[in-house]
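A quick write-up on the structure given underneath.
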Amino acid sequence: MSHYFIEDTTLAKDPKTIDFIVKNHKIMVVSDKGTFSKYRVDLGTRIFINTLIALPINGDILDLGCGNGIIGISIKKVFEDNVNVSFLDINPYCVELTKKSLKLNNLDGEVYQGDGLKDVEKKFNFILLNSPISAGKDVCYRLYDEANKKLNDDGKLLIVIRKDKGALSHKKYLETIFKNVELLEKEKGYFVIESWN
């Protein structure tokens, strides 16, 4: 079965540019079949970005499971020189799309392809994740564990997840691996959860 977190080479490529306004900044991303929410900005991503831009985000940021790069690119556009944003996705085509999206927005950033953070040497101030529920709970929990090990001392993991897709059980799991877990936002069935040690 095809999912956005693997590269389905059988899908015909049909890339399109999506425009999105974040805090008076025009964001453009290249998206395609085989990526999450392929031709629109889904509600969960909108809620997540709006929550993030209200925070004092700075330093080294990782857009984990970046897809077309929309979350990390939005953060870079809003916070500009205060952030250094990196991108990571398991899907090689998503890595390609993120690189195109960065170029479209005249931004730079490291873009990595890999399954989680086990091979990532760098540590981050913020790791941002739209939890890949379709990949299964085990994959999500592994990403939370790996993120915990790749945060700076004052670093934070922020996730967005739908309540009806297990947000409360994910929050409980996060409470077993982080010292602090806080529900930052609840909107239209989506939870934004912040975790830190």
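Counting begins at 1 with the first residue of the sequence.
- With rounding to the nearest 0.5 angstrom, the CG atom of L104 is 4.0 Å from the CE atom of M28.
- Residues F178 and N148 meet the side-chain proximity criterion, which asks for heavy atoms closer than 4.5 Å.
- Remark: side-chain polar atoms of K118 are paired, donor with acceptor, to backbone N or O of D115 under 3.5 angstrom.
- Residues forming a side chain to side chain donor-acceptor pair (under 3.5 Å) with K137 (at least two apart in sequence, or on another chain): S169.
- Side chain of N105 to backbone of L107: no donor-acceptor contact under 3.5 angstrom is found.
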| field | Chi angles and distances behind the side chain to side chain contact (heavy atoms under 4.5 Å, CB included) call for V160, T45 | value | CA-CA 8 Å; V160 63; T45 298; 6.0 Å; no
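- The side chain to side chain donor-acceptor pair (under 3.5 Å) pairs that include a residue from residues 79-88 are D60-N84, where partners are two or more places apart or lie in different chains.
- Annotation: salt bridge (charged side-chain N to carboxylate O under 4.0 Å, His left out) contacts of K26 (sequence neighbours excluded): D19.
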| said: The test is side chain to side chain contact (heavy atoms under 4.5 Å, CB included); show your working for I49 and I27 and say whether it passes. | reply: CA-CA 12 Å; I49 290 170; I27 313 288; over 6 Å; no
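- Side-chain atoms of K188 and L43, non-hydrogen and from C-beta on, do get closer than 4.5 Å to each other.
- Residue K172 places its NZ atom among 12 or fewer non-hydrogen atoms of other residues, nucleotides or ligands, all under 6.0 Å distant.
- If you take OG on S74 and CZ on F79, they are separated by 10.5 Å, rounding to the nearest 0.5 Å.
- Although no hydrogens or angles enter the test, the distance criterion places no donor-acceptor pair under 3.5 Å between the side chain of S131 and the main chain of I161.
- Counting only distance, with no hydrogens or angles, the side chain of R162 and the backbone of F191 share no donor-acceptor pair below 3.5 Å.
- A side chain to side chain contact (heavy atoms under 4.5 Å, CB included) with V30 is found for one member of L97, T98, L102 and no other, namely L97.
- Side chains of D89 and Y93 form no contact here, defined as non-hydrogen atoms less than 4.5 Å apart.
- Hydrophobic clustering places L184 together with V78 (ILVMFWY residues linked when any side-chain heavy atoms are closer than 4.5 Å, directly or through intermediates).
- Residues satisfying the salt bridge (charged side-chain N to carboxylate O under 4.0 Å, His left out) criterion with E175, sequence neighbours excluded, are K171.
- Of all heavy-atom pairs spanning T176 and Y173, the tightest one is OG1-O, 2.5 Å.
- In this structure, K122 places its NZ atom where more than 12 heavy-atom neighbours from other residues, nucleotides or ligands lie under 6.0 Å away.
- In this structure, D108 has no side chain to side chain donor-acceptor pair (under 3.5 Å) partners at least two apart in sequence or on a different chain.
- Listed by first then second residue, pairs satisfying salt bridge (Lys or Arg N to Asp or Glu O under 4.0 Å) with a partner in residues 144-158 read R142-E146, K156-E194, not counting sequence neighbours.
- Summarising the geometry, atom CG belonging to D63 is positioned 9.0 Å from atom CG belonging to N130; distances are rounded to the nearest 0.5 Å.
- Using a 4.5 Å heavy-atom cutoff, the side chains of L52 and L128 are in contact.
- Within the 4.5 Å cutoff, no side-chain heavy atoms of V22 are placed close to those of I73.
- Put simply, CG on L129 and OH on Y144 are 6.0 Å apart, with the number rounded to the nearest 0.5 Å.
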| query | Going through the distances and angles, do Y141 and I177 end up as a side chain to side chain contact (heavy atoms under 4.5 Å, CB included)? | reply | CA-CA 10 Å; Y141 287 6; I177 60 172; over 6 Å; no
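- Looking only at distances, no side-chain donor or acceptor of Q113 sits under 3.5 Å from a matching main-chain atom of V95.
- Considering NE2 of H170 and OG of S195, their distance stands at 12.0 Å, rounded to 0.5 Å.
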| So N197 and L151, side chain to side chain contact (heavy atoms under 4.5 Å, CB included) or not? Walk me through it. | CA-CA 9 Å; N197 288 312; L151 288 168; 5.7 Å; no
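- By the rule that hydrophobic residues join a cluster once side-chain heavy atoms approach within less than 4.5 Å of another member, W196 and F126 end up as members of separate clusters.
- Atoms CG and SG, on L174 and C140 in that order, are 10.0 Å from each other to the nearest 0.5 Å.
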